[in-house]
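First the structure, in the form of structure tokens, and then the observations on it.
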Amino acid sequence: MEQFFSQNAIYIVLIIVLLVWFGIFGFLFSLDKRLKAIENDTKGVKK
Amino acid sequence: MAWKVFLFVLMTLVCIAGITFPIVREPVTWYDFPLIPGLEENAKIIFFHVPTAWLATIAFLMATLYSIKYLRKKDLDDDVKAYTAAQIGMIFCVLATVTGSVWAKFAWGSFWNWDPRETSIFALLLIYGALFALRSAVDGDEKRATLSSVYSIIAFVTVPFFIFIMPRIMKGLHPGSADDTNAGPVVDFKMNQNMQVVFYLSLIAFTILYFWMWNVGYRSQIIKDKLQKQIN
């Protein structure tokens with residue numbers, strides 16, 4: 001097991017980097033969506 | 001919507017290519033990266049370190065442009081845009097410092113040794129850190145916006161010197177410094193074509209990511225201000 005990890009260290013790095021990127025993307029995506037909903041709501045309130 | 005998918009795919013590809021493509025002495029296949037003397041395997045961090053520094057510059061530039069726009073039009077939304085750009089610029093400036101520091105540990109042997117490049121980015125962090133101190137110290141939206149716009153414009157005057165000029169005219173360890181044997185600007189040094197393609201794709205992906213982050217950032221801030229006014 002240890003040997004597997006030390007030989008494939010770069011792939012472990014890749015997996016972690018991809019997980020972080022997926023997390024950032026998902027967070028921004030959902031934030032954008034919720035923001036749009038609030039923007040539409042507040043527009044309705046104002047007019 | 002389509003550009004979000006594009007960004008997702010592009011960044012994923014950049015991560016996969018940048019991290020897993022092997023670095024070999026004599027590139028044979030299309031995916032081989034050349035060995036850069038002195039950098040070896042460490043060279044891969046270039047796909048993440050340079051874009052963060054690049055984004056810090058772009059973000060500070062956007063902050064300045066919107067500060068100028070605020071001073072001309074006196075629209076508080078422009079001030080919010082400038083502020084958010086400066087915030088994101090600060091984040092990426094810190095990221096550039098951290099990734100550079102990690103790189104320095106493995107390439108030069110120590111996390112921090114006051115290389116001209118390290119000193120200049122430290123000064124830049126201090127200058128832009130002061131912008132946030134200034135903003136939090138002033139009451140009143142208009143006054144705060146005007147003061148921070150003026151400060152932001154003056155602060156940006158130093159950016160070209162600290163990022164592009166000072167580290168190039170002084171001797172140092174960072175690629176591109178005055179006694180660098182690789183010569184030429186940082187981007188061109190000993191990269192082969194596929195490495196350059198991944199590098200530029202990385203710059204594009206990070207730039208799109210910046211504009212998205214900025215967009216979400218200032219929109220939420222504008223909504224927050226609007227709601228706060230309604231409540232008061």
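Just so you know, these numbers use all the heavy atoms, side chains as well, and skip hydrogens, waters and symmetry mates. Per chain, numbering begins at 1; letters A, B, ... match sequence-line order.
Annotation for Leu18(A) and Cys15(B): closest pair CD2-CB, 3.8 Å, computed over non-hydrogen atoms. The minimum heavy-atom distance between Glu39(A) and Arg219(B), with the atom names listed, is OE2-NE, 3.0 Å. The two residues Ile16(B) and Leu14(A) make their nearest non-hydrogen contact at CA-CD1, 3.6 Å.
Put simply, CD1 on Ile222(B) and OG1 on Thr42(A) are 11.0 Å apart, with the number rounded to the nearest 0.5 Å. In this structure, the separation between CD1 on Ile19(B) and CD1 on Ile15(A) is 10.5 Å, given to the nearest 0.5 Å. Between the CH2 atom in Trp21(A) and the CZ atom in Phe8(B) there is a gap of 7.5 Å [rounded to 0.5 Å]. Atoms CH2 and CG, on Trp212(B) and Leu31(A) in that order, are 9.5 Å from each other to the nearest 0.5 Å.
Taking a 6.0 Å sphere around NZ of Lys224(B), one finds it holds 12 or fewer heavy atoms contributed by other residues, nucleotides or ligands. The environment of CZ in Phe132(B) is crowded: more than 12 heavy-atom neighbours from other residues, nucleotides or ligands sit within 6.0 Å. Within 6.0 Å of atom CZ in Phe27(A), 12 or fewer heavy atoms from other residues, nucleotides or ligands are found, so the atom counts as exposed in its surroundings. Around CD of Gln7(A), the count of heavy atoms belonging to other residues, nucleotides or ligands within 6.0 Å exceeds 12. The number of heavy atoms from other shown groups lying within 6.0 Å of CH2 (Trp54(B)) does not exceed 12.
Heavy atoms closer than 4.5 Å to chain B are found in both the backbone and the side chain of Ile10(A). The contact between Leu227(B) and chain A is made entirely by side chain atoms (from C-beta outward), counting heavy-atom distances below 4.5 Å. For chain B, the nearby parts of Phe29(A) are the backbone and the side chain; heavy atoms of each come within less than 4.5 Å.
Contact annotation: the side chain of Leu209(B) never approaches that of Phe25(A) to less than 4.5 Å [non-hydrogen atoms, C-beta and beyond].
The candidate from Val17(A), Asp32(A), Ile38(A) with the greatest count of non-hydrogen atom pairs under 4.5 Å with chain B is Asp32(A).
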